[in-house]
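A short worksheet on the structure shown next.
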Amino acid sequence: MSNEIDRRGVLLAGSGGAFGLYSWAADSAAAVPQKKNLLLKRIPRARPRNILVVLTDDHRHDAMGFMKAQDFGETPTLDRLAREGVHFRNAFVTTALCSPSRASIFTGLYAHQHRVVDNNHPIPPGLTYYPEYLQRAGYETAFIGKWHMGAETDHPQPGFDHWVSFKGQGHYLPHADGLNVDGRKVPQKGYITDELTEYALDWIGKRDRKRPWMMHLAHKAVHSEFIPAPRHAGRYKDATFRYPENMKAGVPGRPMWVENQRNSWHGVEYAYHGRLDIADYYKAYMETLLAVDEGLAKIMDLLAERGELDDTLILYMGDNGFMFGEHGLIDKRAAYEESMRVPMLARCPALFGPGKVEQVVANIDVAPTMLAAAGLAAPETMAGANMLPLARGEQVPWREELVYEYYWERAFPQTPTVHALREDRYKYIRFHGIWDLDELYDIEADPHENNNLLAQPGHEALAARMGAKLFKLLEETDGMQIPLAADTPGRNVLRDPKGSKGAPFPPNFTQPPKLPG
């Protein structure tokens with residue numbers, strides 16, 4: 001796949017380092033679309049299953065009732081999925097940003113392979129979405145909800161027979177932009193989560209059972225600003241929120257850019273350039289999630305009425321996590337657990353029973369897994385792998401590490417380009433283009449990432465080993481160029497004059513000047 005996008009584009013870095021700066025936009029203008037080969041090999045004796053993928057926005061891994069991250073927040077339908085199906089306890093995204101993560105879900109590729117590296121620029125030509133393979137294999141397919149990939153388009157995309165979407169982030173409440181239904185502009189009539197659920201119920205209810213089907217239901221929820229359905233507003237107003245311990249300032253070993261981000265658009269002191277109570281923000285978040293949970297219950301009830309529930313693979317996941325004060329931050333983008341870790345639940349009694357999966361899985365694994373559920377062998381070009389053997393409890397070879405990447409955005413300059421390697425025990429986080437301290441954490445001993453091992457001597461060899469492995473994986477997956485995108489309007493660069501001042505350099509960056517001679 002990576003070779004389909006010609007690299008004649010602009011390599012601006014010359015020989016000045018391992019990474020080049022690659023302008024995929026320049027290449028896209030000159031690229032000539034090629035006819036796609038969508039015929040895949042069949043898996044012997046595999047019967048195609050119906051597929052329902054439910055994707056939520058900014059849903060962090062522990063924001064489900066059964067996880068008990070707080071003393072409030074009911075999600076009875078998600079709890080049911082976890083109880084009757086499989087909970088992938090260590091599910092991650094490879095980029096914690098909407099568009100890149102969604103592109104990885106649909107392609108099975110890392111962001112440096114599919115080149116959708118931010119929320120604003122066009123999709124490079126030549127990408128193939130896994131529903132296109134399903135269509136070729138005889139599936140009926142539907143997309144309902146937030147596309148948010150390739151600028152502000154709501155136009156129907158390849159791979160879907162039925163299309164319901166909206167521009168950009170969409171709106172929780174009725175808005176003049178309305179919806180795009182199979183290429184027609186249709187008014188938005190009500191609360192968006194409920195309306196998308198109704199579109200999903202209508203389409204599933206009309207299936208004739210002669211062909212397998214696949215639906216991708218992508219909710220706007222729970223993206224900020226959080227607006228619950230009127231029936232749920234205020235449900236948790238009297239609940240007690242436990243603030244994260246590492247929300248405090250001045251944690252030893254914290255990089256300067258993280259400490260400085262406290263007083264910024266994505267920081268707890270000056271969130272969205274205003275005053276924000278993290279507790280109230282989280283309560284609205286969990287209230288907004290309630291309509292998603294209720295809608296999924298309605299869909300499962302319909303599938304049960306049709307006799308299809310146990311034969312339908314239901315996959316629920318978030319497109320990235322969200323920080324509520326951890327490390328003094330809000331939002332996502334960073335390589336911390338709360339940002340890159342997501343909920344992932346799957347149910348299909350015809351394929352696997354209840355259980356838990358401890359292996360590290362990711363958004364790049366969705367496409368090959370959905371193809372396997374359809375009885376199709378994934379293309380070798382996909383970076384992800386089929387998760388169904390893990391769901392069945394089989395002992396199969398699996399990844400020992402996962403690459404995370406995020407590319408600096410001029411509109412949100414607080415977060416640098418980040419590459420990370422996440423193993424079962426350790427995580428190494430490397431920053432590109434800034435003069436600062438990198439990070440290394442023992443996740444097993446320090447799950448909240450409070451003790452940066454690189455702030456103290458004795459861990460240099462471990463960091464070097466993980467850094468070498470990170471670059472080896474980037475080399476193997478064609479990830480040694482940093483995609484360069486043209487500027488977009490607007491920059492969120494302000495700081496509160498009464499907030500925190502600039503953080504000092506790490507102590508181990510200072511030493512007296514050498515004497516002459």
Side-chain angles (χ1 to χ4, degrees), residues 1-28 31 92-97 99-119 121 123-128 149 320 333-335 339-340 360-368 378-385 399-409 415-423 427-434 438-439 463-485:
M1 173 60 68
S2 54
N3 292 329
E4 291 179 12
I5 302 174
D6 187 339
R7 271 201 228 88
R8 294 187 307 272
V10 186
L11 286 173
L12 298 175
S15 59
F19 284 94
L21 293 176
Y22 173 72
S23 174
W24 50 258
D27 257 4
S28 298
F92 293 83
V93 294
T94 50
T95 308
L97 190 61
S99 295
S101 180
R102 289 161 190 265
S104 290
I105 288 169
F106 278 121
T107 64
L109 301 172
Y110 284 106
H112 63 258
Q113 295 173 310
H114 59 59
R115 301 284 173 177
V116 181
V117 296
D118 63 20
N119 289 342
H121 290 82
I123 300 169
L127 286 185
T128 300
M149 188 180 7
N320 47 249
R333 292 174 171 82
S339 172
M340 62 184 286
V360 169
V361 299
N363 52 356
I364 57 174
D365 299 322
V366 172
E380 293 183 358
T381 50
M382 287 187 175
R399 67 171 59 89
E400 296 179 354
E401 65 282 308
L402 184 72
V403 171
Y404 177 86
E405 59 190 332
Y406 166 78
Y407 297 99
W408 178 81
E409 300 168 273
T415 304
T417 292
V418 179
H419 287 87
L421 189 78
R422 210 288 190 177
E423 298 180 337
K427 181 193 291 183
Y428 171 64
I429 309 175
R430 178 192 185 276
F431 307 113
H432 186 80
I434 59 172
D438 290 333
E439 294 176 276
R465 175 187 70 77
M466 296 187 71
K469 186 187 289 187
L470 169 64
F471 277 97
K472 180 175 184 293
L473 290 170
L474 288 171
E475 287 272 15
E476 291 172 350
T477 58
D478 202 16
M480 295 296 282
Q481 297 82 32
I482 291 181
L484 179 67

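- With rounding to the nearest 0.5 Å, the separation of CZ in Phe92 from CD1 in Ile364 is 12.5 Å.
- More than 12 heavy-atom neighbours from other residues, nucleotides or ligands sit within 6.0 angstrom of CD on Glu476.
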Check the pair Phe471, Leu421 against side-chain contact (heavy atoms from CB on, under 4.5 Å), reporting the backbone distance first and the verdict last. CA-CA 10 Å; Phe471 277 97; Leu421 189 78; over 6 Å; no
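- With hydrogens and angles ignored, the 3.5 Å screen pairs no side-chain donor or acceptor of Asn320 with any backbone N or O of Thr95.
- Using a distance-only test at 3.5 Å, with no hydrogens or angles considered, a donor-acceptor pair links the side chain of Tyr404 to the main chain of Ala334.
- Under the side chain to side chain contact (heavy atoms under 4.5 Å, CB included) criterion, Ala103 pairs with His114, Val116, Met149, sequence neighbours left out.
- Between the side chain of Arg399 and the backbone N or O of Val360 there is at least one donor-acceptor pair closer than 3.5 Å.
- The backbone N or O of Arg333 sits less than 3.5 Å from a side-chain atom of Ser339, completing a donor-acceptor pair.
- The closest donor-acceptor contact from the side chain of Asp365 to the backbone of Ala385 lies under 3.5 Å.
- The two residues Ala335 and Ala420 make their nearest non-hydrogen contact at CB-CB, 3.9 Å.
- When side chains are defined from C-beta on, His419 counts as touching Tyr407, because their heavy atoms get closer than 4.5 Å.
- To the nearest 0.5 Å, atoms CG (Leu402) and CE (Met340) are separated by 5.5 Å.
- Between the side chain of Asn119 and the backbone N or O of Ser99, at least one donor-acceptor pair lies under 3.5 Å.
- How far NE2 of His432 is from CG of Asp438: 11.5 Å, rounded to the nearest 0.5 Å.
- In terms of heavy-atom proximity, Pro416 sits nearest to Phe431 at CG-CD2, 3.9 Å.
- Residues Leu97 and Glu409 meet the side-chain proximity criterion, which asks for heavy atoms closer than 4.5 Å.
- Put simply, OG1 on Thr415 and CH2 on Trp408 are 11.0 Å apart, with the number rounded to the nearest 0.5 Å.
- Under the 3.5 Å distance criterion, the side-chain polar atoms of Glu405 are matched with a main-chain donor or acceptor of His112.
- We find the CG-CD distance between Leu127 and Gln113 to be 10.5 Å, quoted to the nearest 0.5 Å.
- The shortest distance between side-chain heavy atoms of Glu423 and Tyr428 does not fall below 4.5 Å.
- Between Ala383 and Leu109, the closest heavy-atom pair is N-CD2, 4.0 Å.
- A salt bridge does not link Glu401 to Lys472: none of the charged side-chain nitrogens sits closer than 4.0 Å to a carboxylate oxygen.
- Distance check, rounded to the nearest 0.5 Å: CG of Leu473 to OH of Tyr110 gives 6.5 Å.
- Residues satisfying the salt bridge (charged side-chain N to carboxylate O under 4.0 Å, His left out) criterion with Glu475, sequence neighbours excluded, are absent altogether.
- No side-chain heavy atom of Thr381 sits less than 4.5 Å from a side-chain heavy atom of Thr128.
- Of the options Thr477, Leu474, Thr94, a side-chain contact (heavy atoms from CB on, under 4.5 Å) to Val403 is made by Leu474 and by none of the others.
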